[in-house]
Amino acid sequence: MKKNLHKYTILLVLLAMGIISTVITDGAFARPENIMNLAVQVVVNGILAVGMTLIILTGGIDLGVGSVMALIGVVVAKLQLTYHFSTWSSVLISLALGLGIGLWNGFFITKFKLPPFIVTLGSMTIARGLALVISKGSAIAPVNNTFAMLATWQLPSLVAVVLTAIIGGLILFRNIRNKHWLDGIATALVTLFVIWVLLNSRGLPLPVIIFAIVAALGIFVLKRTTFGRYLYAYGGNVQATRLSGINVDKLLIWDYVIMGGLAALAGLVLASRMAAGVPTAGNMAELDAIASVVIGGTSLAGGAGAVGGSVIGAFIIGLLNNVLVILNVEANYQYIIKGFIIMGAVMLDTLKQKRG
Amino acid sequence: MKKNLHKYTILLVLLAMGIISTVITDGAFARPENIMNLAVQVVVNGILAVGMTLIILTGGIDLGVGSVMALIGVVVAKLQLTYHFSTWSSVLISLALGLGIGLWNGFFITKFKLPPFIVTLGSMTIARGLALVISKGSAIAPVNNTFAMLATWQLPSLVAVVLTAIIGGLILFRNIRNKHWLDGIATALVTLFVIWVLLNSRGLPLPVIIFAIVAALGIFVLKRTTFGRYLYAYGGNVQATRLSGINVDKLLIWDYVIMGGLAALAGLVLASRMAAGVPTAGNMAELDAIASVVIGGTSLAGGAGAVGGSVIGAFIIGLLNNVLVILNVEANYQYIIKGFIIMGAVMLDTLKQKRG
Amino acid sequence: MKKILEMRQIEKSFGKVKVLKGVNLTAYRGEVLALMGENGAGKSTLMKILSGVYPYGSYSGELVINGQICQFNSTRDAVKAGVSIIHQELNLIPGLSVMENIFLGREPKTAPGLIDWQQMRQLTVELLERVGITLEPEELVGNLSIGQQQLIEIAKALSFSAEIIIMDEPTSALTDSEVEQLFNLIRLLKSQDKAIIYISHKMDEIDVIADRVEVLRDGESVGGGMKADLSRDKIISLMVGRDLTDLYPRRENKPGEVILEIESLTVPGVLETLSLQVRKGEVLGIAGLMGSGRTELALALFGIYGKRLTGEIRLNGKKLTIQNPRQALDNGIALVTEDRKVSGLVLGMSVGENLTLSCLEQLSNALGIINQERERTVIKNYIQELRIKTAGEDLAVANLSGGNQQKVVLAKMLATQPRILILDEPTRGVDVGAKAEIYQIINRLAANGVGIIMISSELPEIIGMSDRVAVMADGSLAGILEKEEVTQEKIMALATGGRRNEKESA
Amino acid sequence: GCGNTNNAGNSGDNQPEKKKIKIGVSVATMQEAVYTFMKKAMEDNAAANNAEIIWTSADNKEEKQLSDVESLLSQGIDVLILHAVNTGAAASLVAKAEAAGVPVVAMDRLPENAKVALYVTADSRQVGRIQAQYLAEQLGGKGNVIILEGEAGNGVARDITAGNKEVLAKYPDIKVVVDQAHKGWARDLAMNTVETALTQYNNNIQGILANNSGMAMGAVQALKNKGLAGKVVTIGSDADEDACKAIKAGELSADVDKKPYELGKASFLAAVELAQKKTPASDTTIKNGDFEVPVKLTPVELIKKDNVDTMKYRWPNL
Ligand SMILES: Nc1ncnc2c1ncn2[C@@H]1O[C@H](COP(=O)(O)OP(=O)(O)OP(=O)(O)O)[C@@H](O)[C@H]1O
Ligand SMILES: Nc1ncnc2c1ncn2[C@@H]1O[C@H](COP(=O)(O)OP(=O)(O)OP(=O)(O)O)[C@@H](O)[C@H]1O
Ligand SMILES: O[C@@H]1[C@@H](O)[C@H](O)OC[C@H]1O
Ligand SMILES: [Mg+2]
Ligand SMILES: [Mg+2]
């Protein structure tokens, strides 16, 4: 119940921000096209935030995600441009590299008992260095055409609407069957909103689809699989988890491997979007990802939280950036406004929880 | 005992790094002049690391220190240049501002129960914005002459030697009286080393003196005062600390106020060293400070650690930067090397502890 | 009876300290073996070896189950060999539900990695029923009381359908009726030919449930035998190595004038218009069922509820404002909390640092600089006075045995030199020897004029120690019994107050 | 490679009595292609001038540059080539060098109010003017324009933008509708900005001025997604490889080549002369606070489709 409540207070905060944004931008914010823009712009941070949730739940952290994104982008572009790999093979190799980096992190964290902060600080620095060395500091472009098209490919609007309706309907059905009325209302509203946006767009861009799948999988894994439940267990009480016969080292290693894979996926989306491998990309991306997770209500101490919140957190950050551009606020003031709003959002959330 | 042991393993790691550096730089690293350089270069991060230790001990974090440094630098320079404040009054106002920011952080963390990560992410962003707005994005220079001289003023070599000998002697005496032989040997060696460096230098720069005082105070406060003791207690068990009759809100607020003051002090040292208020300064400084603390063996979970380790951690990071410059390693490779060495240093430390 | 377990010449050290020095232990099917010993004797350590927590190679000696030598590498191996354990410390995960906790690591699955919630729920319902608690399987464990959590642990241990079931102080947070329920379960297990190893410091329980007793002292087997052949005194003297005559020593002093007056104390939703008086040198016992609000009363007097607290508290006629623990302590009201690990101690800090945590201000100057000499003196005094068994004041308090940890919490509060001392379950998990010592300390304090409020779920303790007994029910005072009239029956009558059904459904 | 300072067998070896010149270089960052060319220019010319180069990069952190310069000075360099992270804050670096008797060549960025021996520059403000002038001509003095600025507070970003605005001020019908800074000069953030702006103005955007090539390419990508690439006049600066390719493909309108190799070489040769106690040649002087500083200008060039092939000297794969 408490978890659920939190999900809604932060969703309400997002909703309130959306309404305010619409008002102060004279409606420009809420235009379907802009909402779709926003969705696309959230994808990279959103994917990272999903993975980061799985990490922070264990009380860990991954500082390396931004640099890994850059490295992956550089590698995929280099493979295509210099070594003439096909889009698919270069993508697969890059994903494997991401998983490998995760394995490296997990290995040192579990086998040498090093703090995740240090291990991932190490991979953050190393990955950035590799990205710069491989690219000699320049962007690698152009990438394969197919690869660049991935980010712009769209599922036709009508198909997307039908799919959304089906999925939304199924969830709604479950909610009603389980008598989760609040969930039901939320599902209905979100589904209708998405359908409205889709009906007014050319289609649903592939990055958004990927993000939706990643988020859904994240939610599913945490809620429904042993792996997900063990992550909560580990974050809540390492000792008890170990005594329950769970191989906690394996658990953590997998966790970091998944994060590595998601960082690679985010890096691929970014590279495809930019149609280039950029060694300086993803600078401080880890901070945004962690912030999304924390805004979404996951505790840095581990053991409590959920992917849903992190996704909303990512949207809050994305919305802020989007609106500030629409308003064309001067960069220097943007910092100030952002600082206040991030604090304010979490504060509202906390106050509501207290009352609720 | 364990605490002590850790102090020495990480000190040994630093020592080993120093020796290796000396060998691979053909002695250039160990030249007294370079050692003094290193000491000066460590000051800013070192001061932050001392404060950050007090924060991390409680299980908290302060992401804002880098931006606060920038803001303080801009304010002190602006006060001097535009409003013709004297060096002293501008310095005092800036320090007060730093304390005020700490108070702000502490207030929201304790009274609204917001996560330190969010509150200080907020002040990080806001302070950066303010620095940019106040300075209109450009560095503010020149600062008062007296102010700029602060960073270069030196205590005459002989006076410094005498002082070092006295202080070292006193500590040594205590060590011997308390039969802390290991401490005694370490004290003797460090004292002799410092005297050797001083004898071969023109003097002891004021920033280094400030850092030494801050570090000494930090160690003293944690070891010998109620405040320090309570910080450990809070980090170890909040509830038990509260039930022991300790006003934990007041404790935390003071803790963040001190951090704010130290960030301001670091900002002043930096501004004086650069003879300018620079709104973009201190970018990512929080990461270095946190890394120093963690390398120094303080746990991000709170409750265990010490200032001594953080100071050594700061020297490890500083040494790395210094040696890589001497070796003229290409910038992009530096990242890779740094990543490995930071991981390696902590790994050595952990392995040693296991054996010991 | 058939021998199922034999532990031979078990030795185990932590660092340089040897805590098990060649222990032998045998268990048979269909019996309840009580493993007895003072705090720190090594009972839990021995059981952790048996249950695979300390893997093969970290100890020496032989472990034989059903005639086969076993070398466990993990708890998983032990479970496979038919050993399950209810640990002394709760090993639950607050963020997971009841059913998830019970089946952690061995969830029923529909496909690899996919939990079969339906079946898990079903199995949980059945198990909870066996243990005799009504709880939603989906309830988060973090929302449960300690007693409920302990029942979950029991349910979990039973779910392994093990042959050897170890219960390490399973009842420390249970009510009498829950204990009774547990004993019925144990009898059932016995009849199914399982072996139960039962650890407890409550002699009454041993009398009721044990078939055989083995006693450990300082990591050595010092004897034992069939329960029927052993008197209580004999067991105690085996445990402590001397005769213990009087568990509840008489107090010479008579209570003096009233020092603490509580009038219409109310915390909305927690406590209802509660009025009480405590006299100088008096021990006021507080009895009641679990959840009756005794702990809340203690916390209220200690300022935990801040401004939510209304009513009047007067000390020596002076009205007090108590909105936080500091104010309470400043006014001479001290509280020894119920759960030493959660709210009493900072486990990572040393014995000494814990001991002076509440009185540190008195040991330091205006700048907050601690006077180390004075601190050391205070620490030494209390370690001596309360006979705290520790390798030194710098030892992390986590390494002390339960009873000694309890003494540290007590010492911490005594060091504030209180005029009113509130004790919430002061002897939970404490061995008889240490119990007697704690009682003596209580008496000494009373003799010195301290007013004592003692909350306890052990009626013999309440009756043995109190000058008067206040009984609570439903967050308010159900009645007060004078020393002469106190009996277990009267306390229970007041505590249940005819509202038994209501209570149990709550 | 970083160690081509010991070329055995060259002229330096034959004259052991002649001490090697030690030139310290402190640049703001190596995270852009332009700097690798500056470095290469110096390395290519080191042996012939019997010079050793110690190259440091400050990671765009003022405080690291301070340390770098101190470390360089303590290694006994003869001349310092300084590419300031922050021109407003670099006077103290120059002062430090001066105190150590080491002359300073300011490369590309002029430390404010500091007495440098020579300022070698491709003139960022001029870059901004060239960009805006070209844009204005292409638009016929009319249209909605986006300015994509680099990191807030960065000197180069400030100067290019100032150059942009100086020229645009002369064209009242050109409206700057969005003017945003981008943390870390990030290409993806620039892309987001352009996407959002295009949506907001219903694609009624005619021109985009970007402070560097990366952000310009981010803009191109956003335009591409809307089918607008080549239809909105887009201009960058740095003439990075992918930018040049995009010019060739007609997606990017133009880019300004700051000719980093020339800049690096000119700076280096001036430094060698200073080490030999000669006065390097200069084109003009500039008043820099209290000082009069000699300036050596290196060319900047607008690269468009018609002359992009000249960039082959830098990007052979073009
Ligand atoms: N991890 C450990 N490190 C160091 N010493 C330990 C550790 N665990 C237990 N000890 C010590 O070993 C001894 C035996 O402890 P154990 O927990 O087995 O006692 P016990 O008989 O179960 O006591 P209690 O009745 O208080 O539960 C004690 O002195 C204890 O301090
Ligand atoms: N922090 C809390 N949050 C939610 N419920 C709580 C909390 N603390 C106590 N309770 C509940 O309040 C009720 C009163 O508990 P409490 O422990 O005070 O009773 P008690 O009379 O002291 O009994 P005992 O100490 O024997 O368990 C219990 O049902 C308990 O579960
Ligand atoms: O050329 C640009 C450089 O001057 C600036 O400092 O960093 C970004 C680059 O693109
Ligand atoms: Mg035990
Ligand atoms: Mg209680």
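Proteins get letters first, then strands, A, B, ... in listed order; numbering begins at 1 in each.
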J.: Quick one: pull up CD1 in B:I342 and CG in A:L121 and give me the separation to the nearest 0.5 Å.
T.: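 With rounding to 0.5 Å, CD1 (B:I342) is 5.0 Å from CG (A:L121).
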J.: From B:N283 CG over to A:N283 CG, what is the distance, rounded to the nearest 0.5 angstrom?
T.: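 With rounding to 0.5 Å, CG (B:N283) is 8.0 Å from CG (A:N283).
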J.: For B:A301, is it the side chain, the backbone, both or neither that has a heavy atom under 4.5 Å from a heavy atom of chain A?
T.: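 Neither part; nothing is under 4.5 Å.
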J.: Of the non-hydrogen atoms in B:L287 and A:M124, which two are nearest, and what is the gap between them?
T.: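 In terms of heavy atoms, the two residues are closest at CD2-CE, 3.5 Å.
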J.: For the atom pair CG (B:L130) and OH (A:Y335), what is the distance rounded to the nearest 0.5 Å?
T.: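 These two atoms lie 12.5 Å from each other.
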J.: Under 4.5 Å heavy-atom distance to chain B, tell me which part of A:I290 shows up: side chain, backbone, both or neither.
T.: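 For A:I290, heavy atoms of backbone and side chain both lie under 4.5 Å from chain B.
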J.: For chain B, which of A:E330, A:K338, A:M284 has the most heavy-atom pairs under 4.5 Å?
T.: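 Looking at each option in turn, the highest pair count goes to A:M284.
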J.: Which heavy atom in A:I126 sits nearest to a heavy atom in B:G339, and how many Å separate them?
T.: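 For A:I126 versus B:G339, the nearest heavy atoms are CG1-CA, 3.7 Å.
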J.: So which part of A:L114 gets closer than 4.5 Å to some heavy atom of chain B, the side chain, the backbone, both or neither?
T.: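 Only the side chain of A:L114 comes within 4.5 Å of chain B.
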J.: NZ of B:K136 to CG of A:N332: how many Å apart, nearest 0.5 Å?
T.: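 One gets 10.5 Å once the value is rounded to the nearest 0.5 Å.
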J.: Closest heavy-atom contact between B:V294 and A:P115?
T.: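 Residues B:V294 and A:P115, closest heavy atoms: CG1-CG, 4.1 Å.
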